[in-house]
Amino acid sequence: MDYSKYPAEPFRIKMVEPVAMISRKERERAAKEAGYNTFLLNSADVYIDLLTDSGTNAMSDRQWAGLLLGDEAYSGSRNFKHLENTVKDLFGFKYVVPTHQGRGAENLLSTIAIRPGQYVLGNMYFTTTRFHQENNGGIFVDIIRDEAHDATLNVPFKGNIDLEKLERVIVEKGAANIAYVCLAITVNLAGGQPVSMQNMREVSEICKRYGVKVFYDATRFAENAYFIKEQEPGYADKSIADITREMFSYADGCTMSGKKDGIVNIGGFLCLNDEELYTEATELVTVYEGMPSYGGMAGRDMEALAIGLKESMQFEYIEHRIKQVRYLGDRLLAAGIPIIEPVGGHAVFLDARRFCPHLEQTQLPAQSLANELYIESGVRSMERGIVSAGRDRVTGENHMPKLETVRLAIPRRVYTYKHMDVVADAVIRLYQRRHEIRGLRFVYEPKQLRFFTARFEHI
Ligand code: PM9
């Protein structure tokens with residue numbers, strides 16, 4: 001084993017949670033009872049849970065200690081001060097509004113910054129983000145570079161915004177009709193692909209020229225910062241903290257789900273520089289989340305988040321994090337399994353189009369593959385394809401994303417390299433009998449964010 005390529009865990013394990021695998025017959029029953037939707041499985045029926053890296057992280061001893069310092073006053077909690085000061089210090093924004101999780105922040109931002117009929121430009125959609133943008137009358141326009149929609153292209157910084165597309169849309173629609181640019185670091189549905197510092201700088205320059213605001217989806221900012229350090233000329237000797245500070249210097253604010261790079265189980269926030277927007281956000285947060293000094297989080301949650309944000313920027317932590325995910329990807333690539341390349345920050349994405357070429361996209365190949373992987377091995381993953389993409393609000397037609405994938409998302413500090421081996425072996429076994437994977441169809445389709453609670457049956 002090359003330990004610089006795949007570093008050992010930079011932590012000792014001091015508490016464990018036993019996991020068990022039920023039999024294949026029981027998994028078949030569980031999958032059926034869950035309507036062939038991996039979201040609806042009971043966690044007790046799952047062996048290795050790669051459904052999401054969101055809120056599934058293992059907290060450190062310091063974070064657990066922080067929980068005991070929770071100041072559960074209704075308002076003015078000292079833990080909020082700690083969180084607020086930490087975020088201001090790390091990200092450099094003027095104002096911080098706490099929320100219960102990322103979509104709470106998305107709701108606030110979309111409500112205060114979008115007028116109905118305005119366009120919101122983004123580097124690929126994300127499910128909850130686009131929901132809130134559209135729910136507030138925004139029209140989402142994807143301006144990510146074309147390569148991001150092709151799973152086979154192995155190019156760095158595949159999450160970058162296409163600057164020509166950005167400028168063209170601003171000129172065509174008129175700057176006044178652009179609500180803002182939403183730049184995600186990293187881009188989840190493109191495979192956890194990072195955005196380069198140069199791209200952030202150039203996006204900021206163009207947007208400033210036209211008077212358009214730029215808000216980041218900062219959910220996986222530390223992973224993005226690591227990729228910049230590793231791959232962008234001029235950043236090898238900079239700390240993750242310096243890179244983070246520079247990244248955010250090109251933004252007017254951000255939404256954050258603390259459940260990812262905050263390394264906690266719940267929490268989030270909105271950052272802003274504009275005082276008027278901040279005032280509006282504080283008025284609105286009391287409606288949907290709670291006081292501007294807790295926003296739906298307990299005091300102890302805010303304490304754990306303040307500590308987790310700092311831990312996610314420690315070099316040993318983030319290097320292991322990225323390289324453990326890469327290890328799983330490398331094992332799959334070595335076995336000829338089709339995945340999104342390059343391997344991104346938080347997950348490995350199986351390319352269901354190439355895995356199941358015998359299934360049409362309308363036969364939900366990624367949903368089918370995710371289910372078969374569970375039945376094969378007890379490994380839970382998530383569909384990220386046509387089901388997640390949902391329907392066009394105007395025409396009612398299915399969005400047909402080019403990427404039809406199954407995401408193996410790795411929770412932070414939870415699983416070992418051996419677990420990655422178990423997952424890789426399961427995928428490889430399934431690949432050998434991939435022709436047996438049958439398509440699915442909806443039997444229950446929720447009106448919004450359908451992937452969470454939809455039910456399916458075999459065609
Ligand atoms: N992401 C994920 O599994 C959890 C919910 S969707 C299955 O990837 C980005 C880039 C995210 C994200 C959540 C949110 C919303 C915003 N942006 O889940 O509300 O990946 O904290 O964050 C999930 P919350």
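Just the heavy atoms: all of them, side chains too, but no hydrogens, waters or symmetry mates, feed the values below. When a ligand or atom number is given, it counts from 1 through the structure's own listing order.
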Stacked cation flag R380 on F39, 6.0 angstrom / 45 deg: no

Quick look: M256 vs ligand 1, heavy-atom contacts under 4.0 Å, and the answer is neither

Answer yes or no: does an N/O atom from K259 fall short of 3.5 Å to an N/O atom of ligand 1? no

Side chain, backbone, both or neither: which part of R103 comes within less than 4.0 Å of ligand 1 when only heavy atoms are counted? both

Under 4.0 Å, heavy atoms only, figure out whether ligand 1 is touched by the backbone of H100, its side chain, both or neither. neither

Any carboxylate oxygen within less than 4.0 angstrom of a Lys/Arg side-chain nitrogen, looking at E404 and R354? no

For the 3.5 Å polar cut-off, considering only N or O atoms, please tell me whether T128 and ligand 1 meet it. no

Side-chain donor-acceptor contact under 3.5 Å, Y327 with D421: yes

How many angstroms lie between atom CG of L189 and atom NE2 of H149, to the nearest 0.5 angstrom? 10.5 Å

Under 3.5 Å between any N/O of G102 and any N/O of ligand 1: does that happen in this structure? yes

Nearest neighbour in protein (non-hydrogen) for atom 13 (C) of ligand 1: K260 NZ, 2.6 Å

Are the side chains of L121 and C182 in touch, meaning some heavy atoms are under 4.5 Å apart? no

Can you find an N/O atom of D217 closer than 3.5 Å to an N/O atom of ligand 1? yes

